[in-house]
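Below you'll find the structure, written out as structure tokens, and then a few comments.
Proteins get letters first, then strands, A, B, ... in listed order; numbering begins at 1 in each.
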Protein chains: 2
Amino acid sequence: MANLKEFKREQILNQGIQLMMMHGYHGTGVKLLLDTVNVPKGSFYSYFESKENFTAEAITHYIEPFITRLQSYLNNSELDGLAAIKTYFESLTQELENSDFKGGCLLGDLMGEIGGVSDVCRQALKTAINQYCTLLEQGLLSAQQQGIVRTDISPATMARLLFDAWQGALLHMKIEQSIIPLQRFTAELLDNYITN
Amino acid sequence: MANLKEFKREQILNQGIQLMMMHGYHGTGVKLLLDTVNVPKGSFYSYFESKENFTAEAITHYIEPFITRLQSYLNNSELDGLAAIKTYFESLTQELENSDFKGGCLLGDLMGEIGGVSDVCRQALKTAINQYCTLLEQGLLSAQQQGIVRTDISPATMARLLFDAWQGALLHMKIEQSIIPLQRFTAELLDNYITN
DNA sequence: CTTTTAAAAGCGACCGGTCGTCTTTTATTC
DNA sequence: GAATAAAAGACGACCGGTCGCTTTTAAAAG
């Protein structure tokens with residue numbers, strides 16, 4: 001019973017993520033979202049406190065698989081720190097190409113649309129980004145110790161720079177409908193800039 | 001007479017830009033926008049064909065002063081190509097700090113929200129970005145010829161990379177409410193990466 | 001130079017719908 | 001039969017867009 005509810009809850013989150021990646025926060029209506037997962041409109045507020053809170057949860061929910069995925073690459077002992085990061089981003093690039101550049105990144109989209117307005121969502125974004133960057137940091141630190149990545153810049157700084165540049169590349173991808181911005185990110189920053 | 005209409009038109013565009021930077025495309029209502037500039041609702045469609053078309057024009061209108069501004073830095077003979085670009089970005093950083101990180105960049109926000117949905121706006125964004133990057137390119141080429149910027153990467157590639165990274169940094173700025181991401185952009189990419 | 005008339009522009013009420021939220025009713029469980 | 005949870009539907013506000021009335025402007029006629 002409680003499991004079914006939890007399942008439905010996750011369904012709403014997943015569907016919300018998909019819709020918001022396409023149409024943004026204000027462009028995604030609660031009613032429409034609920035219809036697609038067969039949940040009555042009146043039930044929404046038994047799952048979530050408000051649309052804003054729902055979105056904050058969606059952000060957290062969205063980043064999870066990316067964290068897991070990056071982590072699994074980093075834990076792969078066959079890959080050094082840099083190779084893990086590079087493989088990770090290349091797999092994302094491949095996926096985006098396969099899905100015809102639909103969506104991009106929920107974080108980037110929401111940062112632009114409501115990051116400056118909704119405190120709740122900004123906090124969720126901040127936490128998500130920090131988790132993500134901390135993971136990148138670990139990989140970069142390993143790569144530094146392995147002598148692959150330059151040591152004159154801190155992993156923390158590099159991780160944030162990479163994150164930002166990747167977000168920008170995703171936006172550019174949407175506009176050009178091409179993975180070239182993503183490939184440029186890999187070639188210039190991963191292969192060139194941070195490498196020893 | 002026709003001048004007054006042109007003036008009003010520009011007022012709507014400017015106000016629309018401000019509102020959209022804060023609340024995005026779907027978060028900005030036509031009626032509310034018009035009220036703030038004392039234009040009757042019914043008149044909107046004598047100025048613009050639709051909200052979508054209006055937004056495309058706003059994009060073009062938005063980028064203009066940035067183009068002019070960057071151009072003036074590039075034309076300043078006291079500054080080499082790189083110094084011009086750096087000064088330009090630093091002046092933007094200063095401005096954003098003074099305005100408490102309100103808004104950020106309309107291009108970035110709209111790329112995320114409607115770049116993948118509205119063809120009209122995507123085209124406007126594409127053109128705007130290309131103009132902007134072409135200008136950056138010129139500065140980078142000069143700097144290359146002056147021996148300040150590395151020559152193993154094409155100006156075109158560097159310009160796009162810088163643009164994307166800057167957009168990402170602006171998003172991050174919004175979330176952190178801090179100019180640190182912008183300073184990181186300058187320090188790591190302008191001062192370090194592209195420099196000889 | 002008036003006066004009359006036609007065309008254009010300006011404008012607010014209003015269209016059908018949808019928004020996020022909340023209250024009320026219905027169904028379920030103990 | 002009381003307590004709890006779920007769903008229905010209503011709420012006022014607002015959405016982008018349109019329609020036709022009113023005012024203004026310009027041209028034509030006297």
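Nearest to the side chain of A:Ser50, among C:dG10, C:dT21, D:dG17, sits C:dT21. Candidate nucleotides D:dC15, C:dC22, C:dG10 were compared by shortest atom distance to the side chain of B:Lys31, and D:dC15 ranks first. Closest to the A:Val30 side chain, of the nucleotides C:dC11, D:dG17, C:dG20, is C:dG20. If you check D:dG16, C:dG12, D:dA8 against the side chain of B:Lys51, the one that comes closest is D:dG16.
The distance between atom CG of B:Asp35 and atom P of D:dA13, rounded to the nearest whole Å, is 15 Å. Here C:dT18 presents its P atom at 14 Å from NE2 of B:His26, a figure rounded to the nearest Å. Spacing between atom CG of A:Leu33 and atom C1' of C:dG20 amounts to 12 Å, rounded to whole angstrom units. Rounded to a whole Å, the OH atom of A:Tyr47 is 18 Å from the P atom of C:dG20. Here the P atom of nucleotide D:dT18 and the CZ atom of B:Phe44 are 11 Å apart, to the nearest Å. Atom CG in B:Leu34 sits roughly 12 Å away from atom P in D:dG17 (whole-Å rounding). What separates CG of B:Asn53 from C1' of D:dG16 is a distance of 13 Å, to the nearest Å. Residue B:Tyr45 contributes atom OH, which lies 7 Å from atom P of D:dG16 at whole-angstrom precision.
A 4.5 Å side-chain heavy-atom check between B:Pro181 and A:Arg160 finds every atom pair outside the cut-off.
Residues that satisfy the ring pair (Phe, Tyr, Trp, His ring centres under 6.0 Å) test with A:Tyr193, not counting sequence neighbours, are B:Tyr193. Partners of A:Phe48 under the ring pair (Phe, Tyr, Trp, His ring centres under 6.0 Å) rule, at least two apart in sequence or in another chain, are A:Phe44, A:Phe54.
Mapping A:Ser46 and A:Lys41 onto DNA chain D by nearest heavy atom places A:Ser46 at the nucleotide closer to the 5' end.
Contact annotation: A:Ser43 side-chain N/O to D:dA7 OP1/OP2 distance is under 4.0 Å.
Each of A:Thr195, A:Asp191, A:Thr186 was scored for a side-chain hydrogen bond (donor to acceptor under 3.5 Å, both in side chains) with A:Lys86, with one residue passing: A:Asp191.
Around atom CD of A:Glu49, no more than 12 heavy atoms belonging to other residues, nucleotides or ligands sit under 6.0 Å away.
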